[in-house]
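What follows is a single structure, written as structure tokens, with notes after it.
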Number of protein chains: 2
Amino acid sequence: MARQREFDEEKALDAAMQLFWEKGFEATSLSDLTSRMGIQRPSIYSTFGDKKGLFEAALRKYTSSHAAYVRTNLQTNSSVKEAFRAFFENMVAKEYEESPKRGCFCINSMVELAPHDEKFEILTREHQMYLSVIFQETIERGLRSGELDPGINAKGLAQTLLISLIGLTVFMKSRPERPFVDNSVKEILTLLR
Amino acid sequence: MARQREFDEEKALDAAMQLFWEKGFEATSLSDLTSRMGIQRPSIYSTFGDKKGLFEAALRKYTSSHAAYVRTNLQTNSSVKEAFRAFFENMVAKEYEESPKRGCFCINSMVELAPHDEKFEILTREHQMYLSVIFQETIERGLRSGELDPGINAKGLAQTLLISLIGLTVFMKSRPERPFVDNSVKEILTLLR
DNA sequence: TAAATTTCATACCAAACGGTATTTTATTTA
DNA sequence: TAAATAAAATACCGTTTGGTATGAAATTTA
């Protein structure tokens with residue numbers, strides 16, 4: 001044993017996450033990272049391997065905390081319809097406060113990296129699959145309680161809601177007028193009859 | 001007047017479009033561009049200004065041809081439901097043949113550039129708005145013919161279909177299993193009752 | 001045919017890139 | 001306290017980046 005680490009690895013990783021989330025992989029330079037993370041280049045390389053390794057660690061941190069956020073969010077409300085409504089509306093409201101519009105780090109990575117890097121193709125797909133399972137379980141809860149129409153296909157509907165969520169998230173990056181998005185949210189939620 | 005141009009500007013621009021579409025703005029270098037466009041650096045700069053100018057020209061070329069494609073595609077079929085079904089299914093089928101998954105150049109740009117560059121925020125938003133108008137007009141045609149439920153809100157439904165299309169396009173970049181996407185398409189189209 | 005003009009090709013530029021070797025500083029163990 | 005070890009800081013590396021200056025080649029107009 002010898003000298004002890006002076007920086008907090010989790011805090012440094014969080015700073016990197018914020019940066020990659022906002023600017024993406026290519027547009028974020030090592031200089032950006034060192035200044036925002038508050039550590040020197042060699043510390044990054046000794047701790048995370050290389051730039052891609054750091055990005056991967058940041059994305060994993062994001063997906064795990066995002067998954068937890070979605071899960072608790074959908075479980076708190078006893079009404080399933082109300083839970084989804086609050087979840088979608090909250091997501092829209094939050095994004096309209098953002099500037100620049102960061103959207104979802106995982107979706108951003110899906111667009112920038114997944115098509116050219118199998119590791120990120122798998123990582124992003126698995127996160128989306130996990131979200132669709134959370135959606136499905138929530139819908140199934142609504143079916144058991146009798147709140148939802150028994151004719152509903154839980155899995156199919158979950159997948160559709162997830163795709164709508166992705167579409168909303170991406171579309172908001174172009175700063176469309178609010179009613180456009182609000183109306184779509186309403187319409188999408190009618191699938192939860 | 002003097003020496004005449006040796007390269008075809010449209011062909012060169014098309015080559016640039018393919019490259020930017022596949023790799024995005026940041027990941028495409030001037031060297032990539034010169035070799036694929038078949039012309040030298042100075043020709044690019046004298047013709048298109050700079051890298052961003054070339055990208056913008058390429059994106060404009062894409063959006064105008066894409067808009068025309070969508071318009072004719074939705075107008076050919078007399079049945080509106082059938083037109084949308086064919087359009088969505090065709091789009092999914094085409095994307096599953098692609099490798100790497102290029103998705104939609106406009107959507108890719110919305111994710112990479114729109115949040116940090118107002119010019120692209122506007123450009124991408126306006127293209128989406130245009131698409132939603134095409135959708136809306138198609139739905140209104142179905143309302144007039146009596147094919148669609150008169151209770152349908154043409155504008156709202158058009159916007160929702162557009163957002164679903166965006167979600168599908170982006171999601172396919174992570175190479176999800178085909179049934180996931182196919183089921184969602186079916187479910188989305190049920191909104192066209 | 002000669003002057004004028006524009007394109008093309010080569011070569012080049014400073015700056016920024018991702019990544020490391022090296023030295024200094026701090027802490028632990030023997 | 002001395003040797004060993006690991007982290008921090010500085011300085012540096014070759015390569016690639018986007019962007020140009022320059023001169024040769026070609027076509028027009030006068």
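Every heavy atom of this structure was used, including side-chain atoms; hydrogens, water molecules and symmetry mates were not. Chain identifiers are assigned alphabetically (A, B, ...) following the order of the sequence lines, protein sequences preceding nucleic acid strands; residue numbering begins at 1 within each chain.
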Any side-chain N or O of A/Gln40 less than 4.0 Å from the OP1 or OP2 oxygen of D/dA8?
-> no
For this output row, return yes or no: ring centroids of B/Phe180 and B/Phe171 closer than 6.0 angstrom.
-> yes
Side-chain N or O of B/Ser43 less than 4.0 angstrom from OP1 or OP2 on C/dC8?
-> yes
For A/Ile39 and for B/Lys51, locate the closest nucleotide of DNA chain D by heavy-atom distance; then report the residue assigned to the nucleotide nearer the 5' terminus.
-> A/Ile39
Ignoring backbone atoms, establish whether A/Ser29 has a side-chain N or O less than 4.0 Å from OP1 or OP2 of C/dC17.
-> yes
Nearest-nucleotide comparison on DNA chain C, the residue closer to the 5′ end among A/Phe25 and A/Pro42 | A/Phe25
Which is true for A/Thr34 with a 4.0 Å heavy-atom rule: it touches a base, it touches only sugar-phosphate, or it touches nothing?
-> nothing
Distance, rounded to the nearest Å, where A/Phe48 contributes CZ and C/dG19 contributes P = 14 Å
What is the distance, rounded to the nearest whole Å, between atom CG of B/Asp32 and atom P of D/dT16?
-> 12 Å
For B/Thr47, report the nucleic acid contact type (base, sugar-phosphate, nothing); a contact means any heavy atom under 4.0 Å.
-> nothing
Using a cut-off of less than 4.0 Å, is there contact between a side-chain N or O of A/Gln4 and OP1 or OP2 of C/dA26?
-> no
Output the single nucleotide from C/dG18, D/dG19, D/dT17 whose closest atom is nearest the side chain of B/Ser31.
-> D/dT17
Taken to the nearest whole Å, CD/B/Glu26 to P/C/dG18 is 10 Å
Would you kindly give the CG-to-P distance between B/Leu30 and C/dC13, to the nearest whole Å?
-> 18 Å
Indicate yes or no: does A/Lys52 engage A/Glu56 in a salt bridge with an N to O separation below 4.0 Å.
-> no
The single option from B/Glu95, B/Arg102, B/Met91 that satisfies side chain to side chain contact (heavy atoms under 4.5 Å, CB included) with B/Thr169 is B/Met91
Quick one: B/Ile44 CD1 to C/dT10 P, roughly how many Å, whole number?
-> 15 Å
To the nearest angstrom, the CD-P distance between A/Glu6 and C/dA26 comes to 8 Å
Describe, in one word, how the ring planes of A/Phe135 and A/Phe84 are oriented to each other, choosing from parallel (under 30°), tilted (30 to 60°) and perpendicular (over 60°).
-> perpendicular
Give the cluster check for B/Leu113 versus A/Leu113: same hydrophobic cluster or not, with ILVMFWY residues linked at side-chain heavy-atom distances below 4.5 Å.
-> no
Rounded off to whole Å, could you give me the CZ-to-P distance for the B/Arg5 and C/dC8 pair?
-> 6 Å
Taking atom P of C/dA16 as reference, at what distance in whole Å does atom NZ of A/Lys23 sit?
-> 13 Å
Earlier contact from the 5' end, DNA chain D, for A/Arg41 and A/Phe7 = A/Phe7
